[in-house]
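What follows is a single structure, written as structure tokens, with notes after it.
Below, each value reflects all heavy atoms present in this structure, side chains not excepted, and no hydrogens, waters or symmetry copies. Proteins come first, then strands; the chains are lettered A, B, ... in the order of their sequence lines, and each starts at number 1.
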Number of protein chains: 2
Amino acid sequence: MLSKQQLIEYSEDARKNYVNHISIDCVVFGFHEGQMKVLLLKTHDEEKWYLPGGFVLKEEPIDNAAVRILQERTGLDKIFLQQFRVFGDPDRSKVHNDMYADMLPKEQNWFSGRFISIGYYALVDFFGVIPHPDQFSELCAWRDLDDMPEMQLDHENIYKSALDALRLQLNYQPIGYNLMPREFTMPELQKLYEAILGKKLDRRNFQRRILAFGILNRSEEPRKGGAHKAPYLYSFDIENYQHALTEGFKGGW
Amino acid sequence: MLSKQQLIEYSEDARKNYVNHISIDCVVFGFHEGQMKVLLLKTHDEEKWYLPGGFVLKEEPIDNAAVRILQERTGLDKIFLQQFRVFGDPDRSKVHNDMYADMLPKEQNWFSGRFISIGYYALVDFFGVIPHPDQFSELCAWRDLDDMPEMQLDHENIYKSALDALRLQLNYQPIGYNLMPREFTMPELQKLYEAILGKKLDRRNFQRRILAFGILNRSEEPRKGGAHKAPYLYSFDIENYQHALTEGFKGGW
DNA sequence: TTACAATTGTGTACTTAATACACTATGATA
DNA sequence: TATCATAGTGTATTAAGTACACAATTGTAA
């Protein structure tokens with residue numbers, strides 16, 4: 001809490017329109033053709049790309065804001081979302097201030113102040129997404145994880161931070177229900193893990209480990225028509241999956 | 001990003017003093033006599049306790065704000081701090097609005113708007129702390145983890161969330177350098193882990209595991225004068241400890 | 001039609017980590 | 001000097017992680 005003196009000063013700051021702007025930045029992960037993808041936007045003028053994001057509106061719960069923003073960019077409304085960090089150092093604000101100063105006439109511009117951004121990452125079904133550019137962008141598109149472009153502001157930092165958080169999640173929670181189609185083969189699921197971790201895994205050991213989690217159902221019929229031996233199809237056991245999500249895997253202690 | 005229309009509306013909100021207030025709430029953990037402790041404050045009027053916290057000041061980096069607030073309450077300036085979550089749903093704001101409305105004359109009160117709070121947890125040396133009540137509190141004191149009082153607002157939620165985050169950290173990072181005295185015995189360190197986890201651990205297996213991390217040095221001389229067999233004294237190997245902090249323990253994949 | 005390449009399914013030996021438990025050693029106290 | 005509480009060390013068993021090898025299936029090229 002503030003002392004009374006600080007309280008008055010703080011209140012004065014607010015009156016002088018040094019206000020705080022709370023925004024959301026989302027790192028949207030998708031998976032397609034063995035590649036991990038991130039949904040990015042690009043403005044008309046700039047070469048650099050940026051993350052989907054936006055302000056938290058008046059009276060809007062933070063999580064709802066993230067859902068709304070993702071709904072606008074992807075068309076999806078049931079999305080796995082995870083808040084992972086706040087980015088709010090003052091240097092971010094200068095760039096934002098300048099950016100918005102250009103967009104609005106002076107008498108309508110109350111955008112001096114601090115910009116803090118709450119980082120979320122999302123896991124989505126690649127085929128379910130219909131990328132919608134926003135007002136300021138000419139492009140909204142998937143980019144490969146291992147071919148990421150230059151990004152605006154501190155968005156590269158935010159995206160890397162999201163990837164770290166996702167990799168951490170892999171160690172104590174199941175992943176995949178939100179990224180894979182309903183049915184998939186074991187090698188396909190393995191490719192997802194490899195894409196997230198950025199390294200190869202042993203085929204046989206991967207299978208044993210993932211099966212031991214008890215979150216997969218194997219269907220009777222293997223997939224046919226492929227160029228090689230027909231692989232079995234798996235789907236997630238949603239009940240066990242949910243249970244593993246909330247309880248987490250064994251862990252250390 | 002917002003559309004131009006939304007941008008104007010948002011800007012208008014700011015002008016009408018619907019502004020965002022960014023505060024910090026800290027869950028300060030200490031360890032003393034085998035008990036995990038949390039530093040809490042209590043107002044004169046209210047029976048309920050609350051977490052040390054405060055607003056982020058103009059131009060102040062968020063992490064600095066947390067450091068400043070903890071400095072004021074504990075007297076410490078080198079503190080292990082970890083941001084773990086943002087709390088910002090609109091219902092929080094009503095209570096805050098009312099609270100501050102009572103404190104300031106109307107013409108100085110610009111406190112309508114949203115209150116979001118960034119949760120940090122801190123690990124500190126119990127003996128290094130000199131608890132300083134703030135302007136509004138009569139008491140700033142340690143409370144036992146297993147005897148926590150009723151708390152104001154959503155502070156119970158925040159504190160529980162911090163404990164979850166701390167327990168998670170235990171699985172992939174070393175803990176203890178910030179909570180233990182320079183030298184300590186193995187049973188003492190074990191009590192810390194048990195206090196955090198809220199369960200008993202096997203003496204012998206604990207020792208093997210913690211030693212395998214390679215972050216401890218055993219001193220030549222055991223501690224003397226105790227009522228029983230003299231235990232060895234350990235201290236953290238700060239170099240390996242730091243390395244383990246940044247790299248993390250093995251993990252799952 | 002047959003050999004081959006690519007891919008999938010399954011199995012096994014080896015190493016490391018986790019768990020459960022037992023014995024010995026020390027130092028104050030009765 | 002016997003006893004109690006606590007500390008240090010060890011060992012057998014089980015589970016998990018790692019590193020491999022081999023057989024089965026299917027389209028394609030010889």
Side-chain angles (χ1 to χ4, degrees), chain A residues 33-34 167 170-174 176 180-181 183-195 197 199-235 244 247-253, chain B residues 33-34 167 170-174 176 180-181 183-195 197 199-235 244 247-253:
Chain A
E33 289 181 345
R167 283 177 179 164
L170 224 51
N171 289 331
Y172 58 91
Q173 283 185 321
M180 301 295 287
E183 290 200 304
F184 49 87
T185 67
M186 195 56 80
E188 283 165 1
L189 184 61
Q190 185 181 335
K191 285 207 184 69
L192 170 64
Y193 272 74
E194 290 178 338
L197 293 166
K199 67 176 182 191
K200 290 276 169 206
L201 299 172
D202 183 278
R203 207 163 53 85
R204 297 149 283 194
N205 296 334
F206 175 80
Q207 166 144 324
R208 180 173 6 188
R209 191 154 161 184
I210 209 94
L211 285 177
F213 290 158
I215 54 171
L216 292 180
N217 291 322
R218 186 162 97 172
S219 74
E220 300 295 317
E221 293 302 308
R223 168 180 296 169
K224 300 199 170 158
H228 306 286
K229 176 170 181 177
Y232 283 104
L233 285 171
Y234 292 86
S235 57
E247 295 302 307
F249 297 138
K250 48 162 185 32
W253 297 95
Chain B
E33 291 182 343
R167 283 176 179 164
L170 223 51
N171 289 331
Y172 58 92
Q173 283 185 323
M180 301 294 286
E183 292 200 304
F184 49 88
T185 67
M186 194 57 80
E188 283 165 1
L189 184 61
Q190 185 181 334
K191 285 206 185 69
L192 170 64
Y193 273 73
E194 292 178 337
L197 294 166
K199 67 176 181 192
K200 290 277 168 202
L201 299 171
D202 183 278
R203 206 162 55 84
R204 297 149 284 192
N205 297 333
F206 175 80
Q207 166 144 322
R208 180 172 7 191
R209 191 152 161 185
I210 208 93
L211 285 176
F213 291 158
I215 54 170
L216 292 180
N217 292 321
R218 186 162 98 172
S219 73
E220 301 295 319
E221 293 301 309
R223 168 181 295 170
K224 300 200 170 157
H228 306 287
K229 175 169 180 178
Y232 284 104
L233 285 170
Y234 291 87
S235 57
E247 295 301 307
F249 298 136
K250 49 160 185 38
W253 297 93

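- One interatomic measurement links the two molecules: CD of Glu188(B) to P of dA7(D), which rounds to 9 Å at whole-angstrom precision.
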- Message: Using a 4.0 Å heavy-atom cut-off to protein, can you give one letter per nucleotide of nucleotides 22-30 of chain C, 5' to 3': B if the base is in contact, S if only the sugar-phosphate is, - if neither?
- Response: B--BBSS--

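- Once rounded to the nearest 0.5 Å, the distance linking CD of Gln190(B) with CZ of Arg203(B) reads 8.0 Å.
- Interatomic distance, Asn217(A) CG to Tyr234(A) OH, rounded to the nearest 0.5 Å: 10.5 Å.
- The aromatic rings of Tyr193(B) and Phe206(B) sit perpendicular to each other, their planes meeting at more than 60°, with 30° as the lower class boundary.
- One interatomic measurement links the two molecules: CZ of Arg208(B) to P of dT16(C), which rounds to 15 Å at whole-angstrom precision.
- In this structure, CZ of Arg209(B) is placed 13 Å from P of dA16(D), rounded to the nearest angstrom.
- Going from atom CG of Asn205(A) over to atom P of dT10(C) covers 15 Å, rounded to whole Å.
- The side chain of Arg218(B) places an N or O atom within less than 4.0 Å of a non-bridging phosphate oxygen (OP1 or OP2) of dT9(D).
- By the 4.5 Å heavy-atom criterion applied to side chains, Trp253(A) and Arg209(B) are counted as neighbours.
- Computed from coordinates, the Ile210(B) CD1 to dA18(C) P distance equals 12 Å when rounded to whole Å.
- In this entry the distance linking CG of Leu211(A) with P of dA16(D) reads 14 Å, nearest Å.
- Taking only side-chain atoms of Gln207(B), from C-beta outward, the nucleotide of dC20(D), dT9(D), dA7(D) with the closest atom is dT9(D).
- Computed from coordinates, the Leu201(B) CG to dC21(C) P distance equals 16 Å when rounded to whole Å.
- Nearest heavy-atom pair across Met180(A) and Leu192(A) is SD-CD2, 3.9 Å.
- Rounded to whole Å, atom P of dG9(C) lies 11 Å from atom CD of Gln190(A).
- Residues Leu216(A) and Leu189(A) are in side-chain contact: their nearest non-hydrogen atoms beyond the backbone lie under 4.5 Å apart.
- Take the nearest nucleotide of DNA chain D for Thr185(B) and for Asp202(B): the residue whose nucleotide is more 5' is Thr185(B).
- Looking at Leu211(B) and Arg218(B), their side chains never come closer than 4.5 Å, going by heavy atoms from C-beta outward.
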